[in-house]
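This report refers to the structure that appears directly beneath it.
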Amino acid sequence: MCMGRVLLGVTGGIAAYKACELTRLLVRAGHEVTPILTPEAERFVAAQTFEALARREMPRELFPHLVEADLLVIAPLSANTLAKLAQGLADNVLTQTALAFDGPVLAAPAMNPRMWAHAATRANVELLRSHGVELVGPEEGDTAEGEVGMGRMSEPEEILERCRSLVEKRDQLRGRRVLITAGGTREPLDAVRFLGNRSSGRMGAALAAEARRRGAEVTLVAANLSVPAPVGVDVVPAPTAEELARETLARGDADVVLMAAAVADYRPADPQAGKSPKDGDSWTVTLEPTTDVLRELGVRRTNGQLLVGFAADVGERGLERAREKLEAKQVDLIVFNDIARDDIGFDAAENEVVLVSADGERQLGKAAKERIAAAILDAVAERLGAA
Ligand SMILES: Cc1cc2nc3c(=O)[nH]c(=O)nc-3n(C[C@H](O)[C@H](O)[C@H](O)COP(=O)(O)O)c2cc1C
């Protein structure tokens with residue numbers, strides 16, 4: 001068991017009582033816990049309760065920039081503190097600590113389902129993710145006010161498990177260069193129109209954030225992301241298949257390459273200059289194949305490099321094609337997701353994938369893309385002998 005120094009932030013919400021149980025579980029697992037309650041949290045549960053459970057006093061005046069800890073976990077995370085963290089406000093000891101802390105941060109939001117669904121909260125969540133904060137939950141269920149919906153804090157056992165994993169894996173990929181492609185390429189038809197796809201870049205961004213949390217040096221080759229790229233990774237814009245091929249192959253000596261971008265297989269052979277006029281005539285476009293980056297990487301692969309491809313395809317036949325791709329392109333792992341479903345994969349927050357490798361297949365149940373990213377990197381670390 002890998003133990004760590006954990007800062008436990010607690011904010012003002014009914015679920016603050018569950019943070020007492022989390023404190024107990026963390027202490028029992030051997031972690032050194034320092035509770036930090038917001039003034040509002042103290043209206044729900046007394047700081048003394050946490051101090052007794054943690055066997056440690058709560059700092060009232062912290063010098064946040066001097067804090068040494070392995071992990072900051074905020075549970076529950078209120079809508080209010082979530083917004084403050086997204087914007088970088090520092091008006092109490094917890095928000096000051098969060099702003100000054102440069103280690104991994106795990107947050108368990110808990111709020112009314114309508115607060116969670118609000119556009120402001122959605123935007124703040126995306127920002128927080130882009131800062132590298134890992135979110136656990138919220139879950140669907142009954143809330144304290146008797147409403148049913150998304151907003152319940154994850155159970156303390158689940159949060160404990162994520163803390164354990166973060167502490168244990170914080171240096172797992174240190175010293176490794178990880179190259180990730182993300183998003184969907186756009187192939188010009190003329191100066192304003194393009195052929196594109198629905199990829200949001202969420203999966204690649206989640207992989208980049210997770211690799212960063214594990215200490216890797218991360219480069220993200222980004223094709224038209226509709227989510228912010230995580231902080232702390234080197235971002236290389238590559239809007240077209242040609243640019244993506246060039247930028248990726250130029251960095252093809254990375255220790256690990258994860259090809260999560262949806263790269264066009266074909267592009268218009270002869271894009272028009274200027275804007276093609278609307279004259280009522282039909283418009284015939286000839287498509288030509290683009291570079292198969294994954295195949296190129298497989299051919300050029302340097303010793304020991306780990307190569308992961310992604311296959312978005314349909315049903316059992318699609319999975320069969322993913323197995324063939326593994327061999328044909330000489331890659332170590334193919335992450336297959338079934339695009340026949342619209343609740344997972346493209347432009348969705350969740351995914352459900354099959355990890356296909358030479359030694360077998362592993363089905364990962366439907367989960368947030370962060371969890372899927374963590375499972376993919378677990379498989380990568382295992383193959384690198386770093387697990
Ligand atoms: C009874 C009660 C329950 C509340 N529960 C929540 C909650 O679950 N989630 C939340 O975001 N805000 C909740 N609030 C509102 C927060 O307490 C309020 O936004 C507060 O300013 C949060 O401060 P903090 O983020 O600094 O801890 C609740 C308020 C009350 C009075």
Side-chain angles (χ1 to χ4, degrees), residues 6-23 26 33-51 53-54 56-64 67 69 71-101 105-129 131 133-160 162-163 349 368:
V6 177
L7 299 171
L8 173 63
V10 181
T11 69
I14 299 283
Y17 79 91
K18 285 198 199 171
C20 299
E21 175 63 2
L22 176 62
T23 309
L26 283 164
V33 180
T34 304
I36 309 175
L37 278 68
T38 63
E40 287 295 318
E42 291 198 58
R43 294 175 49 206
F44 291 82
V45 184
Q48 252 186 341
T49 307
F50 287 95
E51 290 173 339
L53 289 166
R56 183 175 297 272
E57 274 191 22
M58 177 172 119
R60 297 280 165 181
E61 274 180 61
L62 213 61
F63 293 100
V67 166
L71 173 68
L72 167 62
V73 47
I74 308 178
L77 173 64
S78 65
N80 178 55
T81 297
L82 194 158
K84 287 186 194 174
L85 298 184
Q87 299 303 325
L89 297 185
D91 63 344
N92 60 38
V93 176
L94 175 60
T95 50
Q96 285 160 20
T97 304
L99 200 57
F101 183 63
V105 181
L106 176 70
M111 65 195 72
N112 172 282
R114 275 169 286 130
M115 289 166 96
W116 177 249
H118 194 282
T121 307
R122 311 293 345 118
N124 289 332
V125 165
E126 290 298 355
L127 269 175
L128 221 56
R129 283 202 174 107
H131 298 166
V133 173
E134 182 174 334
L135 296 186
V136 47
E139 316 279 336
E140 180 138 21
D142 297 331
T143 61
E145 308 94 317
E147 288 185 39
V148 180
M150 197 65 102
R152 240 177 101 91
M153 188 174 94
S154 293
E155 291 305 321
E157 290 76 11
E158 156 107 26
I159 302 172
L160 174 74
R162 300 283 278 273
C163 291

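Position 1 is the first residue of the sequence; numbering continues from there. Counting starts at 1 for both ligands and their atoms, in listed order.
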Any nitrogen or oxygen of [X], side chain or backbone, less than 3.5 Å from one on ligand 1?
X     : result
Gly12 : yes
Leu77 : no
Ser78 : yes

May I ask you to decide if [Y]'s main-chain N or O and [X]'s side chain share a donor-acceptor pair within less than 3.5 Å?
X      : Y      : value
Arg152 : Gly137 : no
His118 : Ala120 : yes
Thr121 : Ala117 : no
Thr11  : Pro76  : yes

Exercise. Under the salt bridge (charged side-chain N to carboxylate O under 4.0 Å, His left out) criterion, do Glu126 and Arg122 qualify, and how do the steps go?
Worked result: CA-CA 6 Å; Glu126 290 298 355; Arg122 311 293 345 118; over 6 Å; no
Specify the protein heavy atom at minimum distance from [atom]: its residue, its atom name, and the distance to 0.1 Å.
atom                    : answer
atom 5 (N) of ligand 1  : Gly13 CA, 3.6 Å
atom 20 (C) of ligand 1 : Glu40 CG, 3.7 Å
atom 11 (O) of ligand 1 : Ala79 N, 2.7 Å
atom 1 (C) of ligand 1  : Phe44 CE2, 3.9 Å
atom 19 (O) of ligand 1 : Asn80 CB, 3.8 Å

For this session: Might you point out which heavy atoms bring Glu139 and Ser154 nearest each other, and give the distance in Å?
Result: OE2-OG, 2.7 Å
For this session: Might you check, step by step, whether the distance between atom 16 (C) of ligand 1 and some protein heavy atom is under 4.0 Å?
Result: yes
For this session: Would you check if there is a donor-acceptor pair between the side chains of Thr95 and Asn92 at a distance under 3.5 Å?
Result: yes
Problem set entry | Side chain, backbone, both or neither: Thr81 near ligand 1, heavy atoms under 4.0 Å | both
Exercise. At a non-hydrogen distance cut-off of under 4.0 Å, which region of Ala110 contacts ligand 1 (side chain, backbone, both, or neither)?
Worked result: backbone
For this session: Would you mind listing which atoms of ligand 1 come within a distance below 4.0 Å of any non-hydrogen atom of Thr38?
Result: 24 (P), 26 (O), 27 (O)
For this session: May I ask you to say whether Lys18 pairs ionically with Glu21, meaning some side-chain N is under 4.0 Å from a carboxylate O?
Result: no
